[in-house]
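These notes concern the structure reproduced below.
Numbering starts at 1 and runs along the sequence shown.
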Amino acid sequence: MARPITVSLVLGSGGARGFAHIGVIRWLTENGYVIRSIAGSSMGALIGGIYATGKLEVYAEWVSALERINVVRLLDPAFGRAGLFKGERIINVLRELIGDCLIDDLPVSFTAVATDLATGKEVWLREGKLFDAIRASISLPLIFTPFDYGGRRLLDGGLINPIPIAPTLNDTTDLTIAVNLSGREEARPPLPATPPSRGGSAYRQRISAFIESLGLARAPDAPSVGFAEIILASMETMQNTIARLKLAAYSPDVTIDIPRNACLFHEFWRAQELIALGYERTAGAFGATARDS
């Protein structure tokens, strides 16, 4: 029997497009690849960390059941603080759903990348509580408040390294696979904008009951659309440029590109479509690799 191919998986930042990482991981595991190491920024850290706990499918079912109003209810306004939202509510929900653990105890090597607010330097989080590291890595400026971790105030890892290949350079795995959520725009029909309906699914009913049990029945006022759009568009422009430079500098064995116009940064209710897109693009990338070899 052939030895399984081991993988170092690099999961990039990109807001809701990060749900494509779930499809990537599904395709790899279904096709016999063994993920031994994960490095992620922002949404990549979140998906990668949850995969390392062995509960990615629990999370995938949960996010696939979310609708637009449920996403809004997961936001906790940070009145008078350095960000629109505190980010505590969503992290507490994930701790309840997945269960927190120490990074040191994970069966997979894991690195969450964040940015030190004081120095502007890249920070690799490889120990301590998993969801503390994830919260630090997703601290998008002006959207989420900075996170105090180990005596430092940390911001989103995508600010300085949206596709963190460097933490995997000393791995002894067979392949380094990078998932770039800043792929070139495509003139393809956009993903359907209508979120899945609740229908009569017992699972969706359980999810709704779970959300209500956490006291999220009343949605906060949404921020100004124009203000948020300007912030997010500016961040994405910067991250797209940095991602191109990182890929050129490190050249992973396989790059899986997710078009940056696959969805808007904040469309977290479109998980099912983006998971399917990640699965499709991974199959395509490995088909191209096989043909080129």
Side-chain angles (χ1 to χ4, degrees), residues 4-52 56 59-60 63 108-113 157-158 161-169 171 173-188 190-191 236 239-263 265 270-293:
I5 298 174
T6 58
V7 168
S8 294
L9 186 60
V10 180
L11 302 177
S13 62
R17 293 192 303 279
F19 289 137
H21 294 321
I22 298 174
V24 172
I25 291 170
R26 279 182 180 171
W27 189 95
L28 291 172
T29 55
E30 287 175 10
N31 286 274
Y33 293 87
V34 178
I35 300 169
R36 292 276 174 80
S37 171
I38 297 174
S41 279
S42 199
M43 232 357 226
L46 190 152
I47 300 296
I50 292 175
Y51 168 75
L56 184 62
Y59 174 76
V63 294
V108 175
S109 174
F110 175 73
T111 305
V113 176
N161 195 350
I163 186 160
I165 300 168
T168 69
L169 291 181
D171 291 350
T173 52
D174 299 314
L175 290 177
T176 298
I177 301 170
V179 186
N180 173 30
L181 301 182
S182 300
R184 67 176 62 184
E185 293 187 2
E186 295 183 5
R188 55 177 283 169
L191 295 174
E236 286 219 67
Q239 290 187 19
N240 293 343
T241 300
I242 297 173
R244 287 196 298 271
L245 294 174
K246 294 292 184 183
L247 287 169
Y250 290 108
S251 300
D253 298 299
V254 179
T255 302
I256 298 163
D257 289 312
I258 305 299
R260 58 180 175 267
N261 62 334
C263 75
F265 189 93
R270 299 173 69 177
Q272 289 184 359
E273 307 152 53
L274 291 155
I275 292 169
L277 179 63
Y279 192 97
E280 167 200 305
R281 292 306 169 99
T282 308
F286 276 83
T289 300
R291 289 192 299 270
D292 295 341
S293 60

First locate atom [atom1] of [X], then atom [atom2] of [Y], and finally report the distance between them rounded to the nearest 0.5 Å.
X: Phe19; Y: Glu273; atom1: CZ; atom2: CD; value: 11.0 Å
X: Thr6; Y: Asp174; atom1: OG1; atom2: CG; value: 3.5 Å
X: Asn240; Y: Ile242; atom1: CG; atom2: CD1; value: 9.5 Å
X: Leu175; Y: Thr168; atom1: CG; atom2: OG1; value: 11.5 Å
X: Leu56; Y: His21; atom1: CG; atom2: NE2; value: 11.0 Å

Salt bridge (charged side-chain N to carboxylate O under 4.0 Å, His left out) contacts in which one or both residues fall within residues 11-26, not counting sequence neighbours: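 Only Arg17-Glu236, Arg26-Glu57 qualify under salt bridge (charged side-chain N to carboxylate O under 4.0 Å, His left out).
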Among residues two or more places apart or on two chains, list those pairs meeting salt bridge (charged side-chain N to carboxylate O under 4.0 Å, His left out) that have a residue in residues 175-184.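 Matches after skipping sequence neighbours: none remain.
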Taking all non-hydrogen atoms of both residues into account, name the closest pair between [X] and [Y] and its distance.
X: Arg270; Y: Ala262; value: NH2-O, 4.3 Å
X: Gly14; Y: Phe265; value: C-CE1, 3.7 Å
X: Leu274; Y: Cys263; value: CD1-SG, 3.7 Å
X: Val113; Y: Pro164; value: CG2-CB, 3.6 Å
X: Pro162; Y: Gly158; value: CD-O, 3.6 Å

My understanding is that only residues two or more places apart in sequence, or in another chain, count here; which of them pass side chain to side chain donor-acceptor pair (under 3.5 Å) with [X]?
X: Thr173; result: Ser8
X: Thr29; result: none
X: Asn31; result: none
X: Thr282; result: none

Side-chain donor/acceptor of Asp257 to backbone N/O of Val179, under 3.5 Å: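 Absent.
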Does Asp253 reach the main-chain N or O of Thr176 with its side chain, forming a donor-acceptor pair under 3.5 Å?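 At least one qualifying donor-acceptor pair exists.
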Using a 4.5 Å cut-off on heavy atoms from C-beta on, say whether the side chain of Val10 contacts that of Tyr250.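 They are not in contact (no side-chain heavy atoms under 4.5 Å apart), so the answer is no.
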Do Glu30 and Tyr279 have side chains that get closer than 4.5 Å, going by heavy atoms?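 Yes, side chains in contact.
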Got a list of side-chain donor-acceptor pairs under 3.5 Å for residues 32-47, not counting sequence neighbours?
{"from": "Ser37", "atom 1": "OG", "to": "Asp171", "atom 2": "OD2", "distance (Å)": "2.7"}
{"from": "Ser41", "atom 1": "OG", "to": "Asn161", "atom 2": "O", "distance (Å)": "2.6"}
{"from": "Ser42", "atom 1": "OG", "to": "Asp156", "atom 2": "OD2", "distance (Å)": "2.7"}

Could you walk me through whether Trp27 and Phe286 pass side chain to side chain contact (heavy atoms under 4.5 Å, CB included), step by step? CA-CA 10 Å; Trp27 189 95; Phe286 276 83; 3.6 Å; yes
How would you list, by chain and number, every residue that makes a side chain to side chain contact (heavy atoms under 4.5 Å, CB included) with Leu247, sequence neighbours excluded?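 Side chain to side chain contact (heavy atoms under 4.5 Å, CB included) list for Leu247, sorted by chain: Ile163, Ile165, Ala178, Asn180, Pro252, Thr255.
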For Gln239 and Ser13, test the side chains for any donor-to-acceptor distance below 3.5 angstrom and give the result as yes or no.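 Yes.
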